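The structure appears right after this line, and notes come after that.
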Amino acid sequence: TTSQFIAQEGNQGTYKLTGPNNELFVLIVSGSETVYVNGLPIERGENKDYIIDYNAGEIIFNSTFPITSEMRITVDYQFSDRNYSRFTVFGGGNYSTEKLSFNVSVYSESDAKNQPLQQNLSTEQIQTLADAGDDTDLMVASSATAESFSENRILYRKELVGVEEVFVFSQDPNDVLFSVRFTLVGANQGNYVLSNDNAVSNIFEYVAPIGGVSQGNYEPITQLIAPERLQIAVLNGRYKPTEKTDIYFELAGSKNDANLFSSIDDDDNDGYAGKLRINQSLIKTDSLWNLSALVDADFIQKDFRTIQRLYRAEFNRDWNLDNTQNNNQGNLNFGNQLLLTSGLQLSHSKKGTASYNFEYLDYSENFNGNRHNVNANLNLGNFRIFSNSSFLNSESTINRSTFLRSFNRIVYGKGNKWAGTKFAIEDNEQTVIANDSLTPLSQKFKAYEAFVGIGDSTKYLLKLVI
């Protein structure tokens with residue numbers, strides 16, 4: 001799953017990771033995390049960038065990696081949520097010739113629905129899951145269970161308040177008593193409040209709604225967890241008909257059942273995806289500039305599911321996409337996706353590379369956009385030039401946007417002396433179509449830097465930055 005947040009100025013941590021349903025306490029699988037800051041991965045370790053407490057789900061950034069409020073932090077990780085015994089199977093095979101190669105792989109993880117680990121499901125609760133389909137809001141059941149009187153337990157009796165049957169704290173051994181577990185459901189979403197937390201356990205009290213609006217934040221319910229299954233099959237290969245042509249293809253299918261107790265909502269279980277990439281060398285020499293062309297097409301059907309994210313951590317920001325539509329793998333739920341890329345790359349074994357790419361992204365339900373990308377990393381004589389620039393033009397059913405980003409660095413070096421300059425700009429203008437107003441995501445900045453130094457690139461003796 002993925003957790004994203006904006007850092008606080010000067011606050012090295014701790015930063016709490018939340019689960020896919022905003023759970024505050026998650027047990028992270030050791031070594032499974034990848035932490036990105038502004039899209040770039042950083043390293044774990046006391047002498048590196050950050051440390052992490054896997055049991056508490058907390059990250060602390062080391063003092064050698066100062067945190068600012070401009071940092072966008074993304075953490076991909078796996079967490080332990082074993083509510084059932086789970087069986088995981090994977091395997092594959094390959095075949096290759098001089099010009100053609102194939103790879104086949106399969107993956108399956110499935111909960112054993114008759115072997116729950118953290119909940120004992122009654123017949124009524126199993127029926128509740130069967131009737132809920134994939135809707136987690138319907139996967140709730142009464143938490144009340146009949147109990148005999150005990151002075152050391154918090155028990156409740158049932159009373160009628162109007163036409164509503166409610167639970168009332170009772171210490172009368174003559175009452176029909178129940179043990180009740182109350183779940184926090186949010187402000188004005190429940191009919192019970194915590195009235196006493198000084199006893200052996202918390203005591204809850206019913207509060208009648210006012211004007212049809214609930215006045216409490218607890219309910220006598222328990223959240224049921226449904227057993228799940230995810231299966232993925234992938235076929236990919238590479239075909240090289242000539243020395244200058246390279247064709248890569250991939251087909252994948254997934255079957256994701258979010259509730260093995262129910263056949264309701266199973267029409268969205270199956271999904272598929274495909275990829276085709278063609279690299280064509282237009283000019284190829286051993287010692288001079290080489291020119292190659294790229295055509296790349298990705299299609300992802302809206303019900304296709306993966307184990308982890310498909311694209312880079314900053315993909316959503318690059319396209320001004322709404323992060324609230326993410327699924328657990330950091331991918332988006334905007335309908336069928338089509339991503340087309342074409343471009344040219346100029347490369348030299350000693351002088352570096354320069355490239356231009358055009359990208360077109362379309363989601364069938366409410367988004368389309370295009371991006372122009374220019375990148376250069378060149379060594380020309382005494383000059384070292386780096387540039388990474390892009391321009392986005394996009395439109396959804398709600399917003400339209402333009403987004404210019406550019407980072408540039410030029411360094412002139414001779415001997416052990418060097419001087420250079422940096423220039424960066426971001427201009428993100430996102431407009432609400434209905435009223436032509438800017439959204440809070442709109443922002444703009446420019447940054448300039450000039451520097452001189454003496455020494456090599458790994459251990460300079462002196463550096464002056466303006």
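Side-chain atoms are counted along with the backbone in the values below, which use heavy atoms only and exclude waters and symmetry mates. Everything numeric in this text was worked out from a predicted model, so none of it was measured.
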ring-ring contact (aromatic ring centres under 6.0 Å, His included) involving Y412 - partner list, sequence neighbours excluded: F383
Distance flag, aromatic centroids of Y218 and F182, threshold under 6.0 Å: no
Cation-aromatic face contact R277/Y248, 6.0 Å, 45 degrees: yes
Test log, rule salt bridge (charged side-chain N to carboxylate O under 4.0 Å, His left out), inputs R229 and D111: CA-CA 6 Å; R229 176 185 294 140; D111 292 335; over 6 Å; no
Y15-F5 aromatic ring centre distance below 6.0 Å: yes
Short side-chain to backbone donor-acceptor contact, Y360 and S342, under 3.5 Å: no
K244 backbone acceptor or donor facing S281 side chain under 3.5 Å: no
Any donor-acceptor N or O pair under 3.5 Å, side chains T439, Q430: yes
Side-chain donor or acceptor of Q12 paired with backbone N/O of I67 under 3.5 Å: yes
Shortest non-hydrogen contact from L251 toward G274: CD2-CA, 4.3 Å
Distance-only polar pair, side chains of S401 and N320, donor-acceptor under 3.5 Å: yes
Which atom of D303 lies closest to which atom of D270, heavy atoms considered: CB-O, 3.4 Å
Ring centroid separation F304 to Y272 under 6.0 Å: no
Distance-only side-chain donor-acceptor flag, D298 / Y311, under 3.5 Å: yes
